[in-house]
Amino acid sequence: MKFGVVVFPGSNCDHDVYHVVKKGFGHEAVWLWHKDESLTGVDCVVLPGGFSYGDYLRSGAIARFSPLMEKVVDFAEGGGLVLGICNGFQILLEAGLLPGAMRRNSDLRFICDTVTLRLETVETPFTGKGSAGSLYRMPIAHGDGNYYADDATLDRLERNRQIVFRYAAPDGSLSEEANPNGSVRNIAGIVNERRNVLGMMPHPERCSENILGNTDGRVIFESLLA
């Protein structure tokens, strides 16, 4: 499988994703510069975390207009696999590939921590190797991770089982205390209706190797490769 890792000015998790895909899983990975006009035949596009364009205006608002994003949108609309992690999730929202928006964390502070996620659905190419209801520990690092959508959109996400991950307590229960950033309905990750585009705030690439002491993030990459 060939992965394309997009590099924007301000990306800082691009090398993490590239390393995990190429060294950790032994699959091909190529760099995609934000000014490129071709995806070079990749099977999956990854929009990594970071601070694209310095997060000016809003997180992801400028990156959404990069020349390459036109190709990413076409790729996604044609059924291609797209994974947006942290800032990548924010860019997907700004590009209209996923519904909703990101606001400042509810406490207005940047959060760098490890959280518990509850997997809500395995009916996606990104989670097929998991089990619904399973709990995963993954790191987060963001200041604008407070996911928001209106009630009609949220109800549609619920009906279509598009909510992939929720922030949860260690026992799997949902609570305000388990929600690090105030995201509505504890949402940590969603897919589009076609289920080929996933946006998530936690970083699976930062917990996919034994040397890091946590391999819970491997479920995303193992599912894609399967």
Side-chain angles (χ1 to χ4, degrees), residues 44 46-47 49 58-60 64 73 76-77 79-107 111 113-140 142 144-204 216-217 219-224 226:
C44 178
V46 182
L47 306 180
R58 293 183 308 276
S59 298
R64 175 262 180 276
V73 170
E77 291 179 346
L81 296 169
V82 179
L83 170 61
I85 302 170
C86 197
N87 188 226
F89 186 7
Q90 296 161 344
I91 296 169
L92 291 175
L93 294 170
E94 291 287 340
L97 288 175
L98 292 172
M102 284 294 175
R103 303 187 295 187
R104 294 287 294 164
N105 293 343
S106 56
D107 63 1
I111 301 172
D113 203 350
T114 298
V115 298
T116 299
L117 302 177
R118 191 176 77 187
L119 178 58
E120 300 294 281
T121 178
V122 297
E123 299 165 356
T124 82
F126 309 92
T127 56
K129 282 291 185 178
S131 301
S134 294
L135 302 178
Y136 299 91
R137 295 280 288 167
M138 293 191 197
I140 57 171
H142 58 251
D144 299 306
N146 184 351
Y147 178 77
Y148 175 81
D150 59 53
D151 287 338
T153 298
L154 292 169
D155 290 343
R156 185 169 66 252
L157 292 175
E158 299 273 11
R159 287 195 306 271
N160 295 340
R161 298 182 60 78
Q162 290 175 245
I163 300 172
V164 178
F165 290 109
R166 296 186 202 263
Y167 299 110
D171 64 359
S173 61
L174 303 181
S175 65
E176 184 176 342
E177 292 72 26
N179 188 342
N181 49 39
S183 289
V184 65
R185 303 193 190 184
N186 285 53
I187 290 174
I190 61 173
V191 288
N192 62 340
E193 290 189 12
R194 294 185 64 177
R195 316 184 92 72
N196 62 305
V197 178
L198 169 65
M200 59 186 297
M201 290 309 295
H203 289 265
D216 283 4
V219 65
I220 300 293
F221 300 101
E222 289 173 350
S223 297
L224 282 168

Strictly distance-based, threshold 3.5 Å: is any side-chain N or O of [X] a donor or acceptor partner for the main-chain N or O of [Y]?
{"X": "N181", "Y": "G145", "result": "yes"}
{"X": "N186", "Y": "S175", "result": "yes"}
{"X": "S59", "Y": "D144", "result": "no"}
{"X": "N105", "Y": "D107", "result": "no"}
{"X": "N192", "Y": "N196", "result": "yes"}

Working to the nearest 0.5 angstrom, can you tell me the gap between [X] [atom1] and [Y] [atom2]?
{"X": "R58", "Y": "E94", "atom1": "CZ", "atom2": "CD", "result": "4.0 Å"}
{"X": "E123", "Y": "Q162", "atom1": "CD", "atom2": "CD", "result": "11.5 Å"}
{"X": "M200", "Y": "C86", "atom1": "CE", "atom2": "SG", "result": "10.0 Å"}
{"X": "L81", "Y": "S223", "atom1": "CG", "atom2": "OG", "result": "11.5 Å"}

Any non-hydrogen side-chain atom of [X] less than 4.5 Å from a side-chain atom of [Y]?
{"X": "L47", "Y": "L92", "result": "yes"}
{"X": "P180", "Y": "D113", "result": "no"}
{"X": "C44", "Y": "V82", "result": "no"}
{"X": "L154", "Y": "R185", "result": "yes"}

Quick one: closest heavy-atom pair of [X] and [Y], and the distance?
{"X": "Y167", "Y": "I187", "answer": "CE1-O, 3.4 Å"}
{"X": "L198", "Y": "L98", "answer": "C-CD1, 4.2 Å"}
{"X": "L93", "Y": "Y147", "answer": "CD2-CE1, 4.0 Å"}
{"X": "T121", "Y": "T127", "answer": "O-OG1, 2.9 Å"}
{"X": "K129", "Y": "A226", "answer": "CE-CB, 3.6 Å"}
{"X": "A149", "Y": "G100", "answer": "CB-CA, 4.1 Å"}

Ignoring hydrogens and geometry beyond distance, is a side-chain donor-acceptor pair present between E176 and N179 at under 3.5 Å?
no

Do [X] and [Y] sit within salt-bridge range, that is, some charged N less than 4.0 Å from a carboxylate O?
{"X": "R194", "Y": "E77", "answer": "no"}
{"X": "D171", "Y": "R118", "answer": "no"}
{"X": "R161", "Y": "E120", "answer": "no"}

Given V164 and F126, is the side-chain contact (heavy atoms from CB on, under 4.5 Å) satisfied, shown in steps?
CA-CA 9 Å; V164 178; F126 309 92; over 6 Å; no

Under the side-chain hydrogen bond (donor to acceptor under 3.5 Å, both in side chains) test, residues paired with E193 that sit two or more places apart:
none

Please list, chain by chain and in numerical order, all residues satisfying side-chain hydrogen bond (donor to acceptor under 3.5 Å, both in side chains) with S106, sequence neighbours excluded.
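Result, side-chain hydrogen bond (donor to acceptor under 3.5 Å, both in side chains) vs S106: none returned.
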
Does the pair I140 and H203 meet the rule for a side-chain contact (heavy atoms from CB on, under 4.5 Å), with working shown?
CA-CA 6 Å; I140 57 171; H203 289 265; 5.5 Å; no

Please table the atom pairs, donor to acceptor, closer than 3.5 Å between any side-chain atom in residues 132-139 and protein atoms at least two apart or in another chain.
residue, atom, partner, partner atom, Å
S134, OG, S131, O, 2.8
R137, NH1, T116, OG1, 3.1

